[in-house]
Amino acid sequence: MAYDYDRILAELALAVEAAGPNQVLDPSRIDHGCWYTGEYGMPVADHTTHSKVLAQAGYCLLAPHSPLEGDSALTERVLAGIAFVGRMQRDTGLIDLPKVDFDSPPDTAFLVQQLCPILELTQKRSDVGDAVASHLKEVLTPVLDRAARGVIGRGFRTPNHRWVVCSALAYASTLLPDLDVRDYVDTIVAEGIDINADGDWSERSSAVYNAVCDRAMRLMADHLDMPTLLDHVRANLELTILMLEPDGSVITAGSRRQDQGSRVPPSALADSFMDMAIRDGNGRFAEMADRLACTTVTDQSEWRLHPLLTHGRDRADAVTRRPILDRYTRHFERSRLWRARRGEFSVTAAATPSAPISVAYRHIAASLDLRGNYFNLACFQADVIEPTDAGVRLRHLGLERMPPGWDLPLNRPVVFDNPHEGYYPLASDGTRDRWLLPPLDITMELKVVDDGFDLAIKTHGGLDRIPFVLEFRTDTGEYWETTDAAIRASEGQCVVLKAGNGTFVSNGQAIALTPGCDAHRAFHAGATVPKPGGFLVQIPLVTPVEYCLSLRCGSWSEAERRIVNLLPGPRARSHRLTPSTSESE
């Protein structure tokens with residue numbers, strides 16, 4: 001079983017052992033006890049560096065049946081690490097996150113939240129006469145008490161910070177009975193919970209901050225006696241399952257934080273999946289926890305042991321695992337996102353400034369973007385997402401944008417060195433009249449099949465002869481093959497599909513596109529300048545656009561130089577895409 005108590009402890013022990021050479025053990029140094037991580041090159045106590053290792057070491061030292069349980073050398077390291085945190089606290093009791101936040105209440109709350117389970121373990125063990133745990137409790141208690149008191153009443157900077165603050169204070173208040181946090185916590189909770197009806201947190205950070213919010217809600221539910229908060233966790237975990245790509249990564253296109261566009265598994269959610277699996281007896285959540293526990297010990301992984309210590313390892317083992325849904329179509333109206341999964345193929349449409357359509361097949365991830373050179377107003381972004389019987393319709397509405405046109409003279413002097421006048425202020429605030437051109441609407445209609453889709457693109461209004469480029473972007477692969485050419489698919493390379501079909505091949509898998517088009521050579525004009533990175537295929541179009549792209553995925557046969565999908569039974573289906581037909585058997 002992947003989410004296994006002994007396995008997680010062993011992995012934490014390995015991580016602590018690997019961090020050993022990076023801890024300062026010279027008592028004469030001001031940074032004595034600090035675990036350096038290489039990020040700053042200076043003594044730092046925050047939750048992403050030193051205190052992360054400190055929490056991992058605390059679990060290894062105090063968790064029952066740990067391979068390092070009670071280890072004397074590790075005890076001295078942990079004591080030195082706690083003392084270092086105390087020395088790094090400012091007069092307020094707060095710590096710094098040197099990359100951005102100083103004298104920081106939310107980053108101190110992260111640390112308090114992170115070290116509360118360690119204090120809880122020291123309290124439980126000292127209650128049964130463990131002298132080492134009792135000593136650790138005496139050293140850690142004043143550090144956390146001072147940190148928690150410093151957080152109260154001093155604010156935050158992002159949506160998730162609020163719940164980290166609340167959960168850290170709530171957890172600390174159950175371990176430090178003289179700590180009164182409820183009034184301050186209630187003022188934050190009164191703002192309301194920032195999760196929508198789809199189960200998406202407001203930062204939409206599926207690889208990082210969703211995990212932070214889910215964990216905070218669980219801790220608040222337990223330590224504030226607010227069990228209804230667990231419904232938000234359930235909703236977000238259900239959404240996460242539907243956001244999984246075939247390779248185990250999670251959709252991040254809609255994120256408003258630093259994970260946007262990343263391609264990583266939602267590893268930080270492992271503890272929330274297991275916690276809720278145990279609470280609810282949910283086999284799908286347990287299956288997800290197993291999968292995520294197989295990922296590398298990385299960010300937030302010190303939390304993986306916590307559900308097993310809280311609920312008991314036997315209860316985790318007793319949950320019957322259930323398969324994860326991998327064939328579905330869903331419209332997430334509040335998140336402005338539509339998604340279809342067909343086993344190892346998925347397609348996602350989103351109302352984001354980045355690519356409106358994302359595709360994944362096994363380990364291949366790709367995006368489709370449509371860029372028009374009409375006053376910078378025709379780079380496709382969906383204003384309307386409408387599910388259809390066969391797929392989804394996306395509409396880019398010209399009237400939702402500044403009307404295309406030309407500024408007219410004012411027939412009066414303009415003070416150009418006045419920041420409130422000058423050319424651009426008077427143009428943008430509506431002072432100047434304008435000669436307007438017709439707005440341009442664009443529709444994309446996508447019809448899904450098991451191994452791909454057909455995408456119909458049509459422009460409405462605007463002017464004729466406007467150049468557009470449809471861009472297919474993916475990671476580097478082995479090669480790009482057409483009927484009469486094959487090239488290596490290298491980073492930063494761009495090719496044009498002029499006609500017929502082309503196939504991107506990577507590690508035995510492939511995505512085929514057809515038909516090409518040769519409408520112009522204005523590939524890099526104005527708004528059509530391509531984004532950097534990856535391998536790019538461009539299909540040039542011109543208004544009025546009425547074009548249909550067929551995209552198919554499958555296994556690549558080097559013997560036949562085409563996509564070949566082996567289906568159950570004696571027959572095999574192969575794709576030979578041409579402009580006139582998307583599939584033949």
Side-chain angles (χ1 to χ4, degrees), residues 1-19 52-53 55-56 59-60 63 65-68 117 205-212 214-215 218 233 236-252 259 262-326 341 343-344 346 360-365 475 507-509:
M1 187 173 299
Y3 206 107
D4 177 74
Y5 181 89
D6 294 327
R7 178 177 180 271
I8 292 171
L9 265 175
E11 289 179 345
L12 289 175
L14 287 173
V16 171
E17 181 180 2
K52 175 183 177 65
V53 184
Q56 293 174 337
Y59 280 119
C60 291
H65 311 298
S66 165
L68 295 173
S205 174
S206 49
V208 180
Y209 291 104
N210 283 5
V212 169
D214 286 354
R215 184 179 303 118
R218 289 167 29 226
V233 183
N236 183 252
L237 297 182
E238 294 286 3
L239 177 69
T240 300
I241 290 175
L242 296 175
M243 292 294 106
L244 283 181
E245 294 287 41
D247 67 350
S249 62
V250 66
I251 291 287
T252 59
D259 57 330
S262 63
R263 190 177 171 194
V264 294
S267 304
L269 280 162
D271 58 299
S272 286
F273 271 110
M274 180 49 72
D275 183 280
M276 297 307 298
I278 296 171
R279 293 177 194 260
D280 297 348
N282 188 313
R284 291 182 301 106
F285 287 178
E287 173 66 21
M288 273 297 300
D290 286 351
R291 294 186 186 187
L292 296 177
C294 291
T295 58
T296 308
V297 175
T298 54
D299 234 7
Q300 306 180 44
S301 57
E302 67 274 16
W303 284 100
R304 291 182 184 178
L305 204 63
H306 189 255
L308 304 181
L309 290 170
T310 301
H311 301 297
R313 56 197 298 187
D314 293 340
R315 290 184 62 189
D317 294 346
V319 180
T320 301
R321 273 55 177 172
R322 301 294 184 194
I324 301 297
L325 186 67
D326 68 354
R341 176 87 184 267
E344 294 185 299
S346 74
Y361 177 66
R362 295 191 181 180
H363 64 272
I364 302 175
D475 298 331
N507 293 324
Q509 310 306 321

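As the structure is a prediction and not an experimental result, all values here were calculated from the model.
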Partner residues of D326 under the salt bridge (charged side-chain N to carboxylate O under 4.0 Å, His left out) criterion, sequence neighbours left out: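 Salt bridge (charged side-chain N to carboxylate O under 4.0 Å, His left out) list for D326, sorted by chain: empty.
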Salt bridge (charged side-chain N to carboxylate O under 4.0 Å, His left out) partners for R218, two or more places apart: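 With neighbours one apart ignored, the set is D271, D275.
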E245 backbone acceptor or donor facing S249 side chain under 3.5 Å: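 It does not hold such a pair.
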Evaluate the side-chain proximity of [Y] to [X]: yes if any heavy-atom separation is below 4.5 Å, no if none is.
| X | Y | value |
| --- | --- | --- |
| V319 | M274 | no |
| T240 | S206 | no |
| M288 | L237 | no |
| S346 | P246 | yes |
| R215 | L269 | no |

R321 and E287: CA distance, side-chain angles, deciding distance, salt bridge (charged side-chain N to carboxylate O under 4.0 Å, His left out) verdict: CA-CA 5 Å; R321 273 55 177 172; E287 173 66 21; 5.5 Å; no
Non-hydrogen atoms of I241 and R284 that approach each other most closely: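 Shortest heavy-atom contact: CD1-NH1, 3.5 Å.
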Distance-minimising heavy-atom pair for R304 and Y3: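 Heavy-atom minimum between the residues: O-OH, 2.5 Å.
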Sequence-distant partners of Y361, ring-ring contact (aromatic ring centres under 6.0 Å, His included), two or more places apart: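 So Y361 forms no ring-ring contact (aromatic ring centres under 6.0 Å, His included) with any residue.
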